[in-house]
Amino acid sequence: MKKIFLLCLLFTAALTACQKDEGPAPGERPEERLSAALSAYKAQLISSPFGWKATLYPEGGGGYNFMFTFKEDDRVLMTSDINASAATPMETTYRLKTMQRPSLLFDTYSYLHILSDPDPDVIGGDVGAGKYSDFEFSFTEVTPDVITLTGNIMGSRMVLTRATQADAESFIAGITASAQTFSNLSRFTSYFRRLTIGTNTFDLNLDLNNRIITFMYFEGDVARTFSTSFSYTAGGMLLQEPFAAAGVSILSFDAVQYNAAGNLFNLTVGGAAATIQEAARPVRVDVQAARNFHNAGSDYWASPGGFTINGVPDAHNLRALPNFFQIGYWAKYDVFQNREYDLLGFLLLNAAGNALELTYGIAAAPTFTSDGRIVYSVLGTLGTIPESHRVAVTATLQQWADTQGYYLIRTSETTADLVSARDGKAWLPLFR
């Protein structure tokens, strides 16, 4: 204990000297002061016998957990919950270096680098950017038991907390078990996921791939959404930012269990019993959402693979069509016989594979109902549909023309979903 106390005193003194704007002490050069600070940071990192548990929030969203054990010889042992294979310990290297600020660099490829991998096949991130994460960090705030870091390039936030022996033995394993529990959401075949806490109900959008949760609710007659990243915990999930509405504040879901017989989740929120289950329609319909979405206009909205039906993405297998790239949805595309129509256009790669072509599409006139639905009446098709595409396009046309129509669910400024008002079991995801 005495050794740890003296180490903390040394670390605090070095950090204070590094952060002051005053010049170095008489006889001390700036590089000596910085070297002392880096030495103190390293001493802090290697001082934890059971390592550090960490949560990283990339700038691109989501929360990811790690266990780090830093060694004197600039080696670091890590595990993570970013995917199943990352639970296997990996040893790589790190170093401390003064850049614009004293920094911790993970300087060989590791589980951290997977989140920044520019190849979308690695973790499903964006081409050239991955999840917009970092593997070089500046020290932002340091106490003996907590180190807060900020990414030097993307601004990701990572918090390291001194681990106990129990953490070292079970931290990642417990979190992996929680992720597996939440994977049972795939058993829901309806779009709507309803969170019930006592008399309060909220619609949820749980994006497990990107680890983002969205709450949909009302303030008076105004529809609202709130989105935040989440990270898994042993037994549940932790929200990066708390959600508060209707007198309810939610920071975490705890004691989460999946009930296979009832096809629902039992959990606690702030100590109160709660459930998550599927539903055929939203808690409350925003009756102006579809009309507002349609009238707002934009160049077009895109859908990567057509309708999800009964929980199966791209149910009509559009992505398997020759040269298919994506669907484009144009509101108010044109007028035919005095009827304004929308277009569901099929964007294909050209013969050279270096540009997109709008080769054909389905035209439909929209009608807006008083209870918030948009109903499409198909007028016909534009362009020539290749024979190899005809079956899939016909199935898409029939689904779009469902006489019960669709609710428009706006999940963010750049994403929305057309959800079947018949039973909530078919939806067209859109983004721009």
Side-chain angles (χ1 to χ4, degrees), residues 54-66 68 76 78-86 90 92-95 97 99-101 103-140 148-160 179 205-214 225 227-232 237-241 298-305 313-314 319 324-328 347 349 353-356 411-417 429-432:
T55 303
L56 170 64
Y57 291 100
E59 186 64 17
Y64 301 87
N65 295 289
F66 294 82
F68 298 117
V76 56
M78 70 173 71
T79 53
S80 177
D81 71 339
I82 59 174
N83 55 37
S85 62
M90 169 189 283
T92 181
T93 62
Y94 76 96
R95 60 192 170 106
K97 181 180 179 180
M99 301 174 80
Q100 290 185 334
R101 299 180 64 181
S103 298
L104 170 62
L105 282 58
F106 295 85
D107 54 0
T108 53
Y109 196 89
S110 68
Y111 294 142
L112 273 170
H113 293 73
I114 290 175
L115 295 171
S116 303
D117 200 297
D119 182 353
D121 291 335
V122 172
I123 198 171
D126 289 349
V127 176
K131 298 285 188 179
Y132 299 90
S133 192
D134 289 275
F135 45 84
E136 297 181 354
F137 301 87
S138 295
F139 290 88
T140 303
T148 303
L149 304 166
T150 301
N152 289 345
I153 304 299
M154 296 295 181
S156 305
R157 182 172 182 266
M158 185 160 68
V159 179
L160 279 63
N205 186 305
L206 271 164
D207 182 348
L208 300 186
N209 180 53
N210 294 303
R211 302 190 185 186
I212 295 174
I213 184 171
T214 300
T225 62
S227 296
T228 187
S229 297
F230 70 83
S231 58
Y232 290 112
M237 66 169 58
L238 176 69
L239 278 58
Q240 185 179 16
E241 301 292 340
S298 67
D299 289 339
Y300 74 94
W301 291 76
S303 183
D314 189 19
R319 293 179 188 174
F324 177 83
F325 184 76
Q326 65 186 19
I327 283 180
L347 293 163
L349 287 169
N354 57 12
L356 297 180
T411 52
S412 75
E413 288 297 315
T414 58
T415 57
D417 299 298
L430 300 169
F431 68 92
R432 65 177 182 185

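What you are looking at is a predicted structure, and each value in this text was computed from that prediction instead of being measured.
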What's the spacing between K97 NZ and N152 CG if we round to 0.5 Å?
10.5 Å

Return yes if some donor-acceptor pair links the side-chain N/O of T228 with the main-chain N/O of E241 below 3.5 Å, else return no.
yes

Residues that N209 engages under side-chain hydrogen bond (donor to acceptor under 3.5 Å, both in side chains), provided they are two or more places apart:
none

Partners passing side-chain hydrogen bond (donor to acceptor under 3.5 Å, both in side chains) against D107 (at least two apart in sequence or in another chain)
T93, R95

If you measure from CD on E413 to OG1 on T225, what distance do you get to the nearest 0.5 Å?
7.5 Å

Please name all residues satisfying side-chain contact (heavy atoms from CB on, under 4.5 Å) with N354, sequence neighbours left out, ordered by chain then number.
N350, A352

Locate the shortest heavy-atom distance separating Y300 from G328; write the atom from each residue and the value.
CD1-CA, 3.7 Å

Could you grab the distance from atom CZ of R432 to atom OG1 of T414, nearest 0.5 Å is fine?
7.5 Å

Residue set satisfying ring-ring contact (aromatic ring centres under 6.0 Å, His included) with Y57, at least two apart, ordered chain then number -> none

For the CD1 atom of I327 and the CZ atom of R319, what is their distance to the nearest 0.5 Å?
10.5 Å

Without swapping roles, check the side chain of D117 against the backbone of V122 for a donor-acceptor pair under 3.5 Å.
no

Please lay out, stage by stage, how F106 and E136 fare under the test side-chain contact (heavy atoms from CB on, under 4.5 Å).
CA-CA 6 Å; F106 295 85; E136 297 181 354; over 6 Å; no

Between Y111 and N83: side-chain donor-acceptor atoms closer than 3.5 Å
no

Return the set of residues passing side-chain contact (heavy atoms from CB on, under 4.5 Å) with S227 (not counting sequence neighbours), or none when no residue passes.
I212, T214

Value for CZ (F325) from CG (L356), rounded to nearest 0.5 Å, stands at 5.0 Å

Are any non-hydrogen side-chain atoms of T140 and M158 less than 4.5 angstrom apart?
no

Could you tell me which residues satisfy ring-ring contact (aromatic ring centres under 6.0 Å, His included) with F137, sequence neighbours excluded, listed by chain and number?
none

Residues forming a side-chain hydrogen bond (donor to acceptor under 3.5 Å, both in side chains) with T415, sequence neighbours excluded:
T411, S412

Name all pairs fulfilling the salt bridge (Lys or Arg N to Asp or Glu O under 4.0 Å) condition that reach into residues 123-134, sequence neighbours left out, sorted by first residue then second.
none

If you draw a 6.0 Å radius around CD1 in I153, do more than 12 non-hydrogen atoms from other residues or ligands fall strictly inside?
no

I would like to know whether I82 and F66 meet side-chain contact (heavy atoms from CB on, under 4.5 Å); could you show each step before the answer?
CA-CA 9 Å; I82 59 174; F66 294 82; 4.3 Å; yes

Contact check, side chains of L149 and V159, non-hydrogen atoms, under 4.5 Å
no

Non-neighbouring partners of F230 that pass ring-ring contact (aromatic ring centres under 6.0 Å, His included), sequence neighbours left out:
Y232

At their closest point, which heavy atom of P304 faces which heavy atom of F324, and how far apart are they?
O-CE2, 3.7 Å

Where is the tightest heavy-atom contact between P429 and S303, given as atom of each residue plus distance?
O-OG, 2.9 Å

Please tell me if the side chains of Q326 and F431 come closer than 4.5 Å, counting only heavy atoms from C-beta onward.
yes

Pairing residues for S116 by the side-chain contact (heavy atoms from CB on, under 4.5 Å) criterion, not counting sequence neighbours:
S133, F135

How close do L112 and M78 get, heavy atom to heavy atom, and via which atoms?
N-SD, 4.2 Å

Answer yes or no: is there a side-chain heavy-atom contact under 4.5 Å between L115 and Y132?
no

Nearest 0.5 Å, what's the CG-CD1 distance between L206 and I213?
4.5 Å

Check whether any side-chain N or O of R211 sits under 3.5 Å from a backbone N or O of G63 as a donor-acceptor pair, and report yes or no.
yes

Applying side-chain hydrogen bond (donor to acceptor under 3.5 Å, both in side chains), can you list everything that pairs with T92, at least two apart in sequence or on another chain?
T108

Could you go step by step and tell me if S110 and M90 meet the side-chain contact (heavy atoms from CB on, under 4.5 Å) rule?
CA-CA 7 Å; S110 68; M90 169 189 283; 3.9 Å; yes

Can you list the residues that meet the ring-ring contact (aromatic ring centres under 6.0 Å, His included) rule with Y64, with sequence neighbours excluded?
none

